[in-house]
Amino acid sequence: MISYKDLGLVNTKEMFKKAMAEGYAVPAYNFNNMEQLQAIITACVETRSPVILQVSKGARNYANQTLLRYMAEGAVKMAREMEEKLGCDEPIPIALHLDHGDSFELAKSCIDMGFSSVMIDGSHLPYEENVELTARVVEYAHKYDVTVEGELGVLAGIEDDVEAAKSIYTDPEQVEDFVSKTGVDSLAISIGTSHGAYKFKPEQCELIDGVYVPPPLRFDILEEIEKRLSGFPIVLHGASSVLKKYVDMINQYGGKLEAAIGVPEDQLRKAAKSAVCKINIDSDGRLVMTGIIRKILAEKPQEFDPRKYLGPAREELIKMYKHKNINVLGSAWRYGNCKNLEKEDIKL
Ligand code: G3H
Ligand code: 13P
Ligand code: ZN
């Protein structure tokens, strides 16, 4: 049993309290490899943003669960070294979180190897089974001061039509019962976002100046939930904006992403000011990496040193994560002052 506290990690409790009080959302960025992790840490240290390093079940299988855990431990040390060089008077808080845990065993395994937070996603289960599974994880996690995120409502997929999507929004009438019966520390809800690069179909959108503008998120449902769970941290999954710049780059250099549509950044900015304390972003990072790598390999076909395309991809990721922290989530400049750090103004 390894305690996250010995790794320099924190759970999400204090992060969310501060985010709620100050009206911003903590970024939860997924990582599967070294370059993504380096970019997340660099961007968050250099914008003084708290961060949740997010590991999915797929990431654990891809990168090896033990290696990922050590990478996260290394990431904390990297952050502290950077902060020392920058002359910062306070560290940024870093949590290591299991994303979409689907069983008690998986959540327990993460808790036992040093994760500071876990999600147990029983949203696809019948309500009572979701309550039962989530409560079981909470009971174990809380013994070790690990925070737990539950989920109510199913995020719409591209295959769902509008009517089907409607029926799986979080039901505000269930939230108080779910939170009190399970004891979760935060709740992921469904208000119109979904995972991946195809969140909306073109026919659901308005075409304005060549850009598909999707219908707004269901802020009415969010408000109803906030009324019932006053001051309780809410989580938004599927919150990539599917940045046009990188979709276009992918398509320009041989890719084929047709009508990829995400959540407009102004919608996320609005959500971040509410009880939404954690915003999950994975796909935007994937698009940045793929776009830059495609561009470099197309322009320099003789290149075969991975550092020559992964390095620039990492640089672009840093820019994108900084942009999210500064301009979208509002999580930048929240932790301490650094003598040797200039505030940046990132425009993507
Ligand atoms: O919510 C899903 C995350 O984007 C993780 O995706 O399961 O492909 O690692 P993954
Ligand atoms: P995106 O696919 O929109 O990046 O969502 C990521 C997510 O919710 C991870 O849990
Ligand atoms: Zn998710």
Side-chain angles (χ1 to χ4, degrees), residues 12 25-33 36-37 39-40 51-65 67-68 71-72 95-103 106-107 110 115 117-124 148-160 165 168-170 184 186-200 214 217 233-244 246-247 250 257 260-265 267-269 271-272 276-291 317 320-321 323-325 328-329:
T12 56
V26 177
Y29 296 132
N30 290 68
F31 76 98
N32 293 267
N33 63 42
Q36 288 171 325
L37 183 57
I40 295 166
V51 65
I52 298 171
L53 302 172
Q54 217 159 237
V55 171
S56 69
K57 182 181 174 180
R60 272 173 52 114
N61 292 339
Y62 172 76
N64 183 283
Q65 58 184 54
L67 180 58
L68 276 182
M71 283 169 72
L96 178 61
H97 175 81
L98 167 67
D99 190 26
H100 293 284
D102 60 358
S103 68
L106 175 59
C110 288
F115 280 57
S117 180
V118 293
M119 175 188 194
I120 181 72
D121 182 359
S123 60
H124 53 286
V148 180
E149 174 185 324
E151 178 162 338
L152 262 185
V154 179
L155 265 63
I158 186 66
E159 300 307 327
D160 300 302
I168 49 181
Y169 291 135
T170 304
V184 282
S186 61
L187 181 68
I189 60 164
S190 171
I191 56 166
T193 64
S194 59
H195 292 108
Y198 300 94
K199 299 184 191 302
F200 304 95
L217 299 179
I234 300 298
V235 178
L236 213 54
H237 281 248
S240 280
S241 294
V242 188
L243 297 159
K244 189 174 176 326
Y246 302 104
V247 173
I250 289 170
L257 297 181
I261 305 169
V263 184
E265 290 186 335
Q267 295 279 296
L268 299 168
R269 189 78 204 92
V276 170
C277 289
K278 171 176 181 269
I279 288 190
N280 285 13
I281 295 173
D282 186 0
S283 297
D284 277 342
R286 298 179 182 196
L287 293 167
V288 168
M289 279 202 101
T290 304
L317 272 178
M320 189 274 287
Y321 291 132
H323 161 72
K324 296 281 177 187
N325 294 349
V328 185
L329 279 65

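Both ligands and their constituent atoms are indexed starting at 1 by order of listing.
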Closest protein heavy atom to [atom], given as residue, atom name and distance to 0.1 Å:
atom: atom 9 (C) of ligand 2; value: Asp99 OD2, 3.1 Å
atom: atom 7 (C) of ligand 2; value: His195 CD2, 3.4 Å
atom: atom 8 (O) of ligand 2; value: Gly238 N, 2.8 Å
atom: atom 8 (O) of ligand 1; value: Arg286 NH2, 3.1 Å
atom: atom 4 (O) of ligand 1; value: Asp282 OD2, 2.6 Å

So does [Y] get a backbone contact from the side chain of [X], meaning a donor-acceptor N/O pair under 3.5 Å?
X: Gln36; Y: Asn32; value: yes
X: Ser117; Y: Val148; value: no
X: Ser194; Y: Leu155; value: no
X: Ser123; Y: Val154; value: no
X: Ser240; Y: Ser283; value: yes

Just distances here: any N/O of Ser56 and N/O of ligand 1 closer than 3.5 Å?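 Yes, since at least one N or O of Ser56 sits under 3.5 Å from an N or O of ligand 1.
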Taking distance alone, with no angle check, do Asn32 and ligand 1 share an N/O pair under 3.5 Å?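 No; the residue has no nitrogen or oxygen that sits under 3.5 Å from a nitrogen or oxygen of the ligand.
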Residues which pass side-chain contact (heavy atoms from CB on, under 4.5 Å) with Ala188, listed by chain and number, not counting sequence neighbours: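 If we apply the side-chain contact (heavy atoms from CB on, under 4.5 Å) test to Ala188, skipping adjacent residues, the hits are Met119, Glu149, Glu151, Val235, His237.
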Take every heavy atom of Lys199, measure it against each atom of ligand 2, and state whether any distance is under 4.0 Å. yes
Hey, is ligand 2 close enough to Asn30 that some N/O pair sits below 3.5 Å? no
Do Asp99 and Asn30 pass the side-chain contact (heavy atoms from CB on, under 4.5 Å) test, and can you show the C-alpha distance, the side-chain angles, and the key distance before you say yes or no? CA-CA 8 Å; Asp99 190 26; Asn30 290 68; 3.0 Å; yes
Could you check whether any side-chain heavy atom of Leu152 comes within less than 4.5 Å of a side-chain heavy atom of Leu187, counting everything from C-beta outward?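 Side-chain contact under 4.5 Å: yes.
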Quick check: do Leu53 and Met71 have side-chain heavy atoms less than 4.5 Å from each other? no
Is it the side chain (CB and beyond), the backbone, both or neither of Ala28 that lies under 4.0 Å from ligand 2, heavy atoms counted?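 Neither; no heavy atom under 4.0 Å.
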Answer side chain, backbone, both or neither: which part of Ile281 comes under 4.0 Å from ligand 2, heavy atoms only.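 Only the backbone of Ile281 comes within reach of ligand 2.
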Test applied, side chain to side chain contact (heavy atoms under 4.5 Å, CB included); reference residue, [X]; option that passes from [options]:
X: Tyr29; options: Leu317, Leu37, Ile281; result: Ile281
X: Val276; options: Ile234, Ile189, Leu329, Leu268; result: Ile234
X: Tyr321; options: Val51, Ile40, Val288; result: Ile40
X: Val55; options: Arg60, His97, Gln65; result: Arg60

Below 4.0 angstrom from a heavy atom of His100, which ligand 2 atoms are there? Numbered from 1 as shown, please.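 Matching atoms, with element in brackets: 10 (O).
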Give the atoms of ligand 2, by number and element, whose distance to some non-hydrogen atom of His237 is under 4.0 Å. 8 (O), 10 (O)
Going by the angle between their ring planes, with limits at 30° and 60°, are His195 and His100 parallel, tilted or perpendicular? perpendicular
So if I count the atoms of ligand 1 from 1 in the order they appear, which ones are less than 4.0 Å from some heavy atom of [X]?
X: Asn30; value: 3 (C), 5 (C)
X: His100; value: 1 (O), 2 (C)
X: His195; value: 1 (O), 2 (C)

Restricting to under 2.8 Å, identify the protein N, O or S atoms around the Zn ion (ligand 3) as residue plus atom. His100 NE2, His195 NE2, His237 ND1
